[in-house]
Amino acid sequence: MWQALYDNLEQTVAVILFGIGFTILLLQRNLIRKIIGLNIMSTATYLFLASMGYIEGRKAPIVTDGVTDLAAYINPIPAGLVLTGIVVSVSFTGIMLALTVRLYRRYRTLDIDQIALLAKGEDMA
Amino acid sequence: MSKRRSDWEQRPQARFLRWMRDGYGALDDQITTSISQPAAPRPDQEAMEAHDILVGTHRHERELALDRLAHYDLQNWANTRGRKVLGRLYAVLALLLGLILIYFLLNTVAFMPRFASADVPANNEVIARYVEKGLEETGAINIVAGMILDYRAFDTLGESTVLFVAACAVLILLRIDLDDHGQPMQQLIAEESDDRHYEPKNDRILQGSAMVLTPIILLFGIYVLFNGHLGPGGGFSGGAILSSGLILYLNAFGFQKAGRFFTYKIFMWVSFFSLGFYGVAKAYSFYMGANGLHSGIPLGTPGAILSSGLIMPLNIAVGLVVACTMYIFYALFRKGGL
Amino acid sequence: MSFVKIALLGMLIVCALGVSFTRNLLTSLIVYMAYSLMMAVIWMLLESPDLAITEAAVGAGITSVLFFVTLKKIHAIKGDKDHEQAQK
Amino acid sequence: MTLARNFPFFSILVCLVGSVVTSVLKPRAAKALTIIIAGVVLVLSAFTLRYALALESAEPFMMGHFPAPWGNELRIGRLEALMATGISAVLFITLVAGFYHMPAFVSEKKLGLYCIMVDLAMCAILVMLYTNDLFTAYVFIEIMTIASCALVIVRQNGHTLVAATRYMIMNLLASGLVLLGISMLYGITGHLLMEPLGRAVRHIVETGQYMEPLTVVIALITAGLAIKSAMFPFHAWAPDTYAFAPPMSSAILSGLIGKAYIFLLIKFFYRVIGLDVIVGTNVDSVLFVCGVSGMLMGSVLAISQRDIRRMVAYSSVSQIGYIYMGLGMGTEAGVAAALFQMLAHAAAKSLLFLSTNELVSVSGDRKRFHYLHGAGYRNPVAGVVFTVSAMSLVGIPFTGGFIAKLNLATAGMPMGGWMRALVLIALAISTLLNAVYYLHTVVSLYRRAPAEIDYPPSHRVPRHAAAALVISMLLTVYLGLGSGPIMRVIEAGLKMFA
C-alpha cells in the first residue's frame, strides 16, 4: 500500500490537500478562511487531474520541428481541463469575496454562525 | 360535566381539531394560558416587556411576542456554555469527516493506475488522434490550444460564459447604481465604498514603476494572447496578464485616468462583441460539422501567426472576456463601479 | 523522483496546514499566495506550461489581489445597516 | 438530414447568444427578450419532441467536425426531448406569470442583469438535458450554480445574502466532489464522453481491475449531485434559499434547476455506469433510505413552519425525497416513476410559489398564516391556483401528483417484502403529512379575515399573469388525466436511454 502511494506521489498529495481544504471549509468559521479552503480544494482537484496526464520522459504537447509522434508528448486532455478549471475557481472566488464584503457591510462580522444568528434576530424584531 | 369537558379540551384530538380549524392561533392560546399562570419571573427588562404583551392584546401580537421570547432564549443559549460544547463537538465531527474522506481517497489512489507510466488507460486512441493528427486538423502547434478551441470548443464556450456570469453576479452584488443624472442612488454607501481618499496621492515610487512596468506587462500579455496557438499561453493566461497590467495602471494613476479608456459601457460592449463573436463563429463550425458540410476556414501554414483557422481570433475573444472580467472584479471591489 | 518535486509537494501540504493555523488573516493570505506560486512551479514540473502561466497569472495574481482588496474594504467599512434600500 | 435534428443545438444557442444580447439592452427590452427566448425554446423543444418520437434509437449530434470520443456531442432521445419540452413549458409560464411583480423585489437597474441570469440558467438546463459529455456537464453545472446564486442575491436584503452564502458554500463543495469524481473516472477509463465511458466501465467491471476507484467515483458523483439537488440529509441550504429569494427565482430554483441535476444523475447511472452495477454497489439503497427519510422529515418540518413560504420550501424538500425514493428502487419502473414525479413536481411547485406570492402580496406582505385568513377571497385566481397545486402535491386524484404517487406505489410492488412494505407505508404517511399542512393552509385561506387586521386594497392580477397561472393549473390537471401517453414516452425513452 505504501509503495503504491509513493509511486503515485502527486495524486497522494492532491488527495491529502483535498481533505485539508475540505476540513478547513468545515472547521473555520471566518468566511475568508472558508474561501481559501475552497480554493485549496479545487487546486488539489486540478493537481489530481493534471497528474493523470503526465508521462515520464515526454515533453509538453507543443509540436517541435514537425515531430508528431505520440511517444514524444504527454497527454494534452488534462491540461485543457485544468485550464478551464482554474478560471472557474477564479470566478467563484470573486463571487464569494463580493458576498463577504456585502455581509461584512451589513452585519459587521465575518463569522458565518454569528451572521446567521443576527439575521434570525432581525427577522423577529 | 365541566371537568370531563375541560380534560377533553386538553386531549390531543381536540387540540388537533382546533388546530385544523383555527390554525396556530388556537395552539398559541393553549401555550399562552399555560405560560401566563406560574410564569417564572425573567430578570431583565426585555423579557418582562415581551411577557406583558403576551397576556394582553390581539393574537398576532401575541404570536410575534412568542417568537421573540423563543429567539431571546436562543440568543441566551447562544453565548452560554452549551454552545461552546456544541461548537467543539462540531469541530471534532468535521475533523473526523475530513480524515475519513482522506482515508477513503488515499485507499483509492493506491489502486489508481501508476503515475507517469505509458500504459495507463488514459493513453488511448483519443489522445493518439489529438497528438498525431492535431497539427493537420486544427493547424495549431500548441496541441492543448488546438484541443480546447477546436476539438472540444463547446467546453471553452461554456468557460467564457462562466466568466461572463461571474462578472454579472459581482455587478449585481457590488455595483452602486447611478440614477438618471449620474448621482449614485445609495449616497452613503457610495461615499463609504469609494476609497479614493485611501488611494496613494501621486506616490512617486508606484507611479514611476508603473510608468515603466505597465507597457511591458501589456506587451507581454498581448504576445501571450496572440501566440496561443504557437506556444504555451492563449486566451486565459493572456487575458489574465492584460488585466494585471490594467490593474497596476489603475492602482498607480487612480480611477480618473483609468476611466478615460475603460468605462462600464466599454466593458459591456467588449464582452458583448467577444462573446457574441465566439458564439456565432463556433455555432457556424458546429452546424457545419454536425451536418457534414465542410466549413471553408483556411488552416494556413503551421507556425505562421495567421495560421490554424479560427483559433487565433477565438483566443483573442476569450482573452478580452477574461481581461474585462478580472478588471471589473477589481474595480467593483475598489469603488463599486467603473 | 527528483528531490525538487518531493520538496515542493511537501511544502504544499505545509502551506495548506499553515493557512488554518495562523491567527492573523493577512498572514494566511500570504501563505495562500505562496501555495499558488508553488502550484505554478509544479505545473512546470508536470510538463504543462499552459497551466503554469495561467496559474501564475490567475491563481497567484488576480485571486490574491482580490483577497487583499477585500481585506482592505473590510478594515475600512463602517457598515450600511441603515442605508439598506427600502426593498421588501 | 431534417432541420429538426438541429433544434436542440439551436435552442441552446438561442439562450446563450440571447443572454449576451440582453446585457446591452435596456431593462424593459431585456425582460421582453427573455420571455421571447423562453417561447422560442418551448417551440423548438416541442418540434424536437415530435422529431424524437419518430426516432427508433437516440441520435448523436456532433458539435463540430469530430465524432464521439474526440469532439463534444449532444444526444437527442425521446426522454431528453420530453423533459426539455416539459421544463421549457413550465419556465415559459413562470416567466409570463411571474415577471409582472418582479419590480417590487428587484431594483430597476438590476432587472437587466436578472434577465441574463434567467437566460443562462435556461441554457444550462438544456445542456444538462442533452449533453453526452461529462466535462461539458461539469462546466454547465458551474454556470448553473453561479446563475442560481445570482437569482437569489438579486433581492439585496440581509436574508438573501446569508442564504446565498450558505447556498454557494454547499454547492461549491458539491461541485468539487463531482470534479474529483470525473477526474478519477478519467484516470481509470481515459474517456470523457458517455458512450466510450460506458464501454470502458463495462470492461472494468468484467476484468475487476479498477473496481475500488470505480465505487469511489460512483459515491463521489452521486453525493455531489445529491447535495446540489437538496436530497434530504444535505438539504440545509434549500429552505432559506427558496423562502428568501424573489418568488420567480425560487420557482425556477426549486422547480427546474434541481431537476436538471437529478436528470444528469440518472444519465450517469444509465449510460456511464449501468443500472446493474449501481444495484451491485447498493448505492441505490442509500438513495432509497435518504429518499424515504426525506419524504417524512420534509413534511414534518413543513408542518412546524409558521411562515407560508418556508412551509412551501420545506415541502419541496419532501417532494424531492419522492424522486430519490423512485431512483433508489433500482428498477426501470422506479426510475420511470421518479421521472414522472419530476415533471409533476416541476409544474406544481413553480405554480405554488407564484400563487403564494400573490396571496402574500394581497394580505399586506405579511407571511404568517394568521394574516393569510381570507386571502382566497381577496385574490380568487391565486386562491384557486394555490388549491389545485396543493392538491397535486398532496396527490388528490385528477392531478399530476396522484399519478406520480400511483406510479411510485406500482413500481414498489414487485420489490422484496420489507422494501415493498417500506415504500407503501412511507407513501401513506407522507401523503397524510402533506395533507395536514396543505389542507390547513387552504382552510386558513378561505376563513373569514379577522377584523382587527387591516389589509391593503387588493390589486387586480393582470390578465396575462392570470391566464398563465390558469394554463399552468390546467397543465397539472392534464398531467393527472392524460398521463398514459406521457408514461409510454418515458418508458420508451428509458429503453433507448442506455
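In what follows, every chain begins at residue 1, and chains take the letters A, B, ... in the order their sequences are listed. Side-chain atoms are counted along with the backbone in the values below, which use heavy atoms only and exclude waters and symmetry mates.
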Non-hydrogen atoms of chain A under 4.5 Å away: do they reach the side chain of D:Ile182, the backbone, both or neither?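 Nothing of D:Ile182, per the 4.5 Å heavy-atom cut-off to chain A.
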
Which answer fits D:Ile153, side chain, backbone, both or neither, if we ask what part of it has an atom under 4.5 Å from a heavy atom of chain A?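 Only the side chain of D:Ile153 comes within 4.5 Å of chain A.
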
If you tally heavy-atom pairs under 4.5 Å against chain D, which of A:Thr100, A:Val15, A:Ile115, A:Ile77 wins?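 The candidate making the most pairs under 4.5 Å is A:Ile77.
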
Using non-hydrogen atoms only, which part of [X] is less than 4.5 Å away from chain D: side chain, backbone, both, or neither?
X	answer
A:Leu81	both
A:Ile35	neither
A:Ser42	neither

Non-hydrogen atoms of D:Phe140 and D:Ala124 that approach each other most closely: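 Shortest heavy-atom contact: O-CB, 3.8 Å.
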
Stepwise, does the side-chain contact (heavy atoms from CB on, under 4.5 Å) test hold for D:Val152 with D:Tyr167? CA-CA 9 Å; D:Val152 173; D:Tyr167 173 84; 5.6 Å; no

Using the six-membered ring wherever Trp is involved, compare the ring planes of A:Phe18 and A:Phe22 and label them parallel, tilted or perpendicular (cut-offs 30° and 60°).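 Parallel: the ring planes of A:Phe18 and A:Phe22 meet at under 30°.
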
Please lay out, stage by stage, how D:Val154 and D:Met117 fare under the test side-chain contact (heavy atoms from CB on, under 4.5 Å). CA-CA 10 Å; D:Val154 84; D:Met117 294 303 161; over 6 Å; no

Between D:Leu177, D:Ile143, D:Leu179, which shows the greatest number of heavy-atom pairs under 4.5 Å with chain A?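 Between D:Leu177, D:Ile143, D:Leu179, the count favours D:Leu179.
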
Could you please spell out the steps behind the side-chain contact (heavy atoms from CB on, under 4.5 Å) verdict for D:Tyr210 and D:Met184? CA-CA 11 Å; D:Tyr210 294 123; D:Met184 231 180 245; over 6 Å; no

Please assess D:Ile125 against D:Met144 for the test side-chain contact (heavy atoms from CB on, under 4.5 Å), listing each intermediate value before the final yes or no. CA-CA 8 Å; D:Ile125 292 174; D:Met144 184 100 81; 4.0 Å; yes

